[in-house]
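Below is one structure, written out as structure tokens, with a few remarks after it.
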There are 2 protein chains.
Amino acid sequence: MYSFTEENYLKAIYKLSDNNGSGVSTNSIAENIQTKAASVTDMIKKLSDKKLLKYEKYKGVNLTQKGKDVAIQTIRKHRIWEVFLHEKLKFGWEEVHEIAEQLEHIQSELLINKLDEFLGYPTHDPHGDPIPGENGEFHNNAFVSLDTVEANKKVILSGVINHSVPFLQHLKKIDLTLGQKLMVIEINEYDRSLKLLLNGKIEIFISNEVAKNILVK
Amino acid sequence: MYSFTEENYLKAIYKLSDNNGSGVSTNSIAENIQTKAASVTDMIKKLSDKKLLKYEKYKGVNLTQKGKDVAIQTIRKHRIWEVFLHEKLKFGWEEVHEIAEQLEHIQSELLINKLDEFLGYPTHDPHGDPIPGENGEFHNNAFVSLDTVEANKKVILSGVINHSVPFLQHLKKIDLTLGQKLMVIEINEYDRSLKLLLNGKIEIFISNEVAKNILVK
DNA sequence: ATATAAATTTAGATTTGTCTAAAATTAATA
DNA sequence: TATTAATTTTAGACAAATCTAAATTTATAT
């Protein structure tokens, strides 16, 4: 239906949309998608012709409902594939994104729905991001970042804000993976670094920078 | 490494190679790949430049070892994905080919090897075609077509020659699927149609045309 | 408010893969 | 063998997606 490239543009624009009314800028799309502004302008015109977004020269773009639908379905496919790669094929959470970038473009409604069923209808991907339903509905997370959690409260690591490979590798190395039970047992006033207790057993220290990028519930 | 299209050409040429020395013709490739002869000539030149095949004007083409390797790896990926779709996602054997045509182009050695492991290193796809190993080795089948089997000999349905969707649907409808135990209990001299016994219980009739396209061991 | 900077768009070119129509080559046939 | 038929290749064009460089518009700053 839509090309590989079109889907990537729509996904990028969807993610860059703050819903604050203002259009997504050409440059931000170019940066996100690793291409040049001139290429973005060309593609925007094409997507506008196809009624996937609204475009006013020099004013940026906004997805139409149709455009949002395509973006959300692509995100759904991406995240379901990530679950498969992680749960079934035992890829690390830092490895799944790249492969899912390819798999998300496989065209078959039936395939993704059968895969979803096979995986037991997962609600979140290996980074804690919610998986939209077949009709595009997002059940929102209500996770909080670890740096806002008070001391001595038991929480579960439920997601990350920073999705970069080095960050994910780091967390994995210090046993901070999705589902990990933990408690903040000390907050250093000076730099807001934290001492954590994992599984009620092991103590580790993390910087505020790391804590800010961890989501818990 | 190689594009979607390049892989499809190499796969087509590989399948059209009879190993009788003569080159694969432009027209046969065009027909196989659903394109025009002129397009084939263009692509052939490109693949020749990349040392994936040997090309002499008006004489057809032959894959180099490098070209064969790419073709075989693509076939390997295709067939492993077919097993996944059939075994894990419960797609019918008539449905798996089309989706595997897309999945076979996903680029990741690790992915296919992990998928292979996840599936328990299958040796055949859902149509009974052998799955080449990681190093491209083919263990050959030694299946025979059902129309050559003598009466009262127990055999197992192990593959098909005709891979068309209608044929596969027909077989499925009359309970002839991979692994089915059967015995030829009557061969009609007139039209060489057969009476079969399935699982030692049910009797069915099939035409010689159908029997010729079924492989057993 | 005007000059400069930043962002965006246009114009023209390129790459990949495709096509049609015409030319060239090979094969088939009388 | 000469002629027709079939196959294959070339030439030129096209669509998708990209790029560079130049032109235009919007934003920023003195």
Side-chain angles (χ1 to χ4, degrees), chain A residues 1-13 16-18 20-63 67 70-71 74 101-102 104-107, chain B residues 1-13 16-18 20-63 67 70-71 74 101-102 104-107:
Chain A
M1 193 67 172
Y2 298 103
S3 78
F4 203 98
T5 312
E6 288 170 330
E7 286 182 353
N8 282 337
Y9 270 90
L10 293 171
K11 201 172 49 133
I13 296 165
L16 291 167
S17 298
D18 298 357
N20 57 6
S22 72
V24 177
S25 75
T26 304
N27 260 1
S28 66
I29 297 168
E31 192 187 15
N32 189 282
I33 230 165
Q34 303 264 64
T35 186
K36 297 299 157 69
S39 309
V40 173
T41 303
D42 287 344
M43 179 56 76
I44 276 172
K45 285 180 189 163
K46 192 177 154 192
L47 296 175
S48 179
D49 290 345
K50 293 189 178 183
K51 312 280 184 205
L52 291 160
L53 49 80
K54 285 242 161 61
Y55 170 51
E56 256 189 291
K57 269 191 195 177
Y58 298 101
K59 304 275 160 119
V61 298
N62 284 106
L63 294 181
V70 176
T74 307
E101 282 288 300
Q102 296 180 64
E104 71 187 9
H105 302 293
I106 301 294
Q107 282 172 337
Chain B
M1 196 69 171
Y2 298 103
S3 77
F4 202 99
T5 313
E6 288 171 331
E7 287 182 353
N8 281 338
Y9 270 90
L10 293 170
K11 201 172 49 133
I13 296 165
L16 292 167
S17 297
D18 298 357
N20 56 5
S22 71
V24 177
S25 75
T26 303
N27 259 1
S28 67
I29 297 168
E31 192 187 18
N32 189 282
I33 230 164
Q34 303 265 63
T35 187
K36 298 299 156 70
S39 309
V40 173
T41 303
D42 287 344
M43 179 56 76
I44 276 171
K45 285 180 188 163
K46 191 178 156 192
L47 296 174
S48 179
D49 289 346
K50 293 190 178 183
K51 312 280 185 206
L52 291 160
L53 49 79
K54 286 244 162 61
Y55 170 51
E56 257 189 289
K57 269 191 195 176
Y58 298 102
K59 303 275 159 119
V61 297
N62 285 105
L63 294 182
V70 176
T74 306
E101 282 288 301
Q102 297 180 65
E104 72 187 7
H105 303 292
I106 302 293
Q107 282 172 335

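Chain letters run A, B, ... following the sequence lines, proteins first and then strands; every chain starts at 1. For the numbers below, each heavy atom of this structure counts, side chains included, while hydrogens, waters and symmetry mates do not.
Listed nucleotides D:dA11, D:dT8, D:dC19 differ in distance to B:Ala38; the shortest reach to its side chain belongs to D:dA11. When distances are taken from the side chain of B:Lys36 to each of C:dT8, D:dT18, C:dT20, the shortest belongs to C:dT20.
Among all heavy-atom pairs drawn from B:Tyr2 and B:Glu7, the shortest one is O-OE2, 3.8 Å. Listed here is the closest heavy atom pair of A:Ala37 and A:Ala30: N-CB, 3.8 Å. Residue A:Ala71 comes nearest to A:Leu10 through the heavy atom pair CB-O, 3.6 Å, listed as atom of the first residue, atom of the second, then distance. Heavy-atom minimum distance, A:Ile33 versus A:Thr35: CG2-CG2, 2.9 Å. Shortest non-hydrogen contact noted between B:Val24 and B:Ser17 is CG2-OG, 3.6 Å.
OP1 and OP2 of C:dT9 both lie 4.0 Å or more from every side-chain N or O belonging to A:Lys45. Residue A:Ser39 has a polar side-chain atom (N or O) positioned under 4.0 Å from OP1 or OP2 of D:dC19. Phosphate proximity of D:dT10 to B:Thr41: absent, as no side-chain N or O sits under 4.0 Å from OP1 or OP2. For the pair B:Asn27 and D:dT8, the criterion of a side-chain N or O lying under 4.0 Å from OP1 or OP2 is met. Taking 4.0 angstrom as the limit, B:Ser25 places none of its side-chain polar atoms (N or O) nearer than this to OP1 or OP2 of D:dT7.
For the pair B:Glu56 CD and C:dA24 P, the interatomic distance rounds to 21 Å; values are reported in whole Å.
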Show your reasoning for whether side-chain contact (heavy atoms from CB on, under 4.5 Å) applies to B:Tyr9 and B:Val40.
CA-CA 9 Å; B:Tyr9 270 90; B:Val40 173; 4.1 Å; yes

side-chain contact (heavy atoms from CB on, under 4.5 Å), that's the test. Do B:Leu53 and B:Asn62 meet it? Break it down for me.
CA-CA 5 Å; B:Leu53 49 79; B:Asn62 285 105; over 6 Å; no

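Residue B:Phe4 is out of contact with every strand shown, counting any heavy-atom pair closer than 4.0 Å.
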Restricting to nitrogen or oxygen on both sides, can you table the protein-nucleotides 25-28 of chain D pairs closer than 3.5 Å?
| unit_1 | atom_1 | unit_2 | atom_2 | d |
| --- | --- | --- | --- | --- |
| D:dT25 | O4' | A:Tyr58 | OH | 3.4 |

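Listed for the A:Gln102 side chain is a donor-acceptor partner under 3.5 Å among the backbone atoms of B:Gln107.
Salt bridge B:Lys11/B:Glu6: absent, no basic N to carboxylate O contact under 4.0 Å.
Of the residues in residues 5-13 of chain A, none has a non-hydrogen atom less than 4.0 angstrom from any atom of DNA chain C.
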